[in-house]
Amino acid sequence: FFKQKTAYEIVDCDWSSDVCSSNLARCVVAEAEIALVSRDLGYQAKQLDTARATLEARGDRLNAAHARHLEIRRLVLIGRLDEAERALAKLDPAPFPPAQRAAHDLVVAGVALRRLKTKTASAALAHGAQAARASGVPALVAEIETAALALKAPAARLIVSGAEIG
């Protein structure tokens, strides 16, 4: 059994050096992503926010945007949709590479679905599918296709007198 090292223990530097702070910030973002996909929602959001701000200050817009997406996805998962929507409104996905645009569209669709805005979700998934195909990442294409299929599937059936209607 061994203790897992955190980003602070792995990187032997501090936030004051440009190179070290950028590397440390990227480690924090990677750690937050692992926590998010593991559904460990108790990770330190403040550390991720500090990392995002550091990346923005250093001109690393893409990694800063990735950190923002992680923040938004966490907000969605814990049910803070108003905050998630406000944070999404601050992001302009136009300069993102295709994979990141597709990820952005997945987040937009996730918020829209929770708001029961199916047309918005469908449009986001259609846009995301184009970006995912352009990215050449098969897993991303599959994730968006799966979400789109789930959105198109019937949510309920109407049965009257033992017969399905519609």
Side-chain angles (χ1 to χ4, degrees), residues 7 25-56 60-166:
R26 286 187 197 98
C27 286
V28 169
V29 171
E31 227 176 45
E33 184 166 22
I34 291 167
L36 185 68
V37 299
S38 302
R39 294 303 190 255
D40 175 9
L41 303 177
Y43 70 87
Q44 296 295 323
K46 185 165 178 54
Q47 288 178 349
L48 181 59
D49 189 52
T50 300
R52 181 195 46 74
T54 299
L55 292 166
E56 286 174 350
D60 190 346
R61 293 178 306 137
L62 293 179
N63 281 314
H66 182 61
R68 175 81 66 191
H69 278 129
L70 294 176
E71 291 171 356
I72 294 167
R73 288 171 51 199
R74 180 179 176 276
L75 290 170
V76 169
L77 289 173
I78 62 174
R80 293 165 59 181
L81 296 181
D82 293 337
E83 289 177 63
E85 285 179 319
R86 283 193 298 274
L88 264 176
K90 295 178 185 176
L91 283 176
D92 175 16
F96 296 168
Q100 200 164 9
R101 278 198 321 269
H104 177 82
D105 289 328
L106 276 170
V107 174
V108 170
V111 171
L113 285 172
R114 284 163 179 83
R115 295 281 192 203
L116 301 178
K117 296 179 180 177
T118 56
K119 289 182 182 178
T120 301
S122 182
L125 290 172
H127 189 260
Q130 291 175 339
R133 284 190 296 277
S135 77
V137 179
L140 190 54
V141 173
E143 183 176 358
I144 290 179
E145 286 175 353
T146 299
L149 286 173
L151 180 60
K152 291 178 185 175
R157 298 182 324 191
L158 177 60
I159 299 175
V160 176
S161 299
E164 186 172 340
I165 307 295

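Fair warning: this is a prediction, and the values are worked out from it, not measured in the lab.
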Handout entry: Within-4.5 Å side-chain heavy-atom neighbours: D60 and R26
Key = yes
Handout entry: Sequence neighbours excluded, every pair satisfying side chain to side chain donor-acceptor pair (under 3.5 Å) that has a member inside residues 107-116
Key = D82-R115, E85-R115
Exercise for the section: Check for a donor-acceptor pair, side chain of D105 on one end and backbone N or O of G128 on the other, with a separation under 3.5 Å. Expected result: yes
Practice task
First locate atom OG1 of T118, then atom CG of L151, and finally report the distance between them rounded to the nearest 0.5 Å.
Solution key: 6.5 Å
Handout entry: Taking every non-hydrogen atom, the tightest pair across A131 and A102
Key = CB-N, 3.7 Å
Problem - Contacts of H104 that satisfy ring pair (Phe, Tyr, Trp, His ring centres under 6.0 Å) - sequence neighbours left out - result: H69
Practice task
Could you list all the ring pair (Phe, Tyr, Trp, His ring centres under 6.0 Å) pairs where at least one residue sits in residues 130-162, not counting sequence neighbours?
Solution key: none
Practice task
Please name all residues satisfying side chain to side chain donor-acceptor pair (under 3.5 Å) with E56, sequence neighbours left out, ordered by chain then number.
Solution key: R52
Exercise for the section: Just grab all the salt bridge (Lys or Arg N to Asp or Glu O under 4.0 Å) pairs involving residues 118-144, residues at least two apart or on different chains. Expected result: none
Exercise for the section: Check side-chain contact (heavy atoms from CB on, under 4.5 Å) between A32 and all other residues, then give those that pass, not counting sequence neighbours. Expected result: Y43, L48, L70
Exercise for the section: Using the ring pair (Phe, Tyr, Trp, His ring centres under 6.0 Å) rule, collect all pairs that involve residues 125-166, keeping only residues at least two apart or in two chains. Expected result: none
Handout entry: Candidate pair V29 and L55, rule side chain to side chain contact (heavy atoms under 4.5 Å, CB included), full reasoning
Key = CA-CA 10 Å; V29 171; L55 292 166; 3.9 Å; yes
Completion exercise
Heavy-atom nearest pair, A99 first then S135, reads N-CB, 3.6 Å
Exercise for the section: Grab the two heavy atoms, one from L62 and one from P95, that are nearest each other, plus how far apart they are. Expected result: CD2-O, 4.4 Å
Handout entry: R86/E83 ion pair, N-O < 4.0 Å
Key = no
Practice task
Write out all pairs satisfying side chain to side chain donor-acceptor pair (under 3.5 Å) with one or both partners inside residues 150-163, taking only residues at least two apart or from two chains.
Solution key: none
Fill in the blank from the handout: Sorted by chain and residue number, the side chain to side chain donor-acceptor pair (under 3.5 Å) partners of E145 (sequence neighbours excluded) come out as none
Completion exercise
Those residues at least two apart in sequence (or on a different chain) that pass side-chain contact (heavy atoms from CB on, under 4.5 Å) with A84 are I72, L75, V76, V111
Exercise for the section: With the side chain counted from C-beta on, respond yes when I159 and I165 share a heavy-atom pair under 4.5 Å apart, and no when they do not. Expected result: no
Handout entry: Nearest-0.5 Å distance that lies between atom CD1 in I144 and atom CD in Q130
Key = 10.5 Å
Exercise for the section: Decide yes or no on salt bridge (Lys or Arg N to Asp or Glu O under 4.0 Å) for E71 and R74, but give the supporting numbers first. Expected result: CA-CA 5 Å; E71 291 171 356; R74 180 179 176 276; over 6 Å; no
Practice task
State the CZ-CG distance between R39 and L77, to the nearest 0.5 angstrom.
Solution key: 4.5 Å
Exercise for the section: Kindly write out the residues that satisfy side chain to side chain donor-acceptor pair (under 3.5 Å) with D92, not counting sequence neighbours, or none if the list is empty. Expected result: none
Handout entry: Any side-chain heavy-atom pair of P93 and Q100 under 4.5 Å
Key = no
Practice task
Go through the structure and list residues passing side chain to side chain donor-acceptor pair (under 3.5 Å) with E33, not counting sequence neighbours.
Solution key: H66
Handout entry: CG-CG distance between L140 and L106, expressed to the nearest 0.5 angstrom
Key = 6.5 Å
Handout entry: Among L91, N63, V107, side-chain contact (heavy atoms from CB on, under 4.5 Å) partner for R68
Key = L91
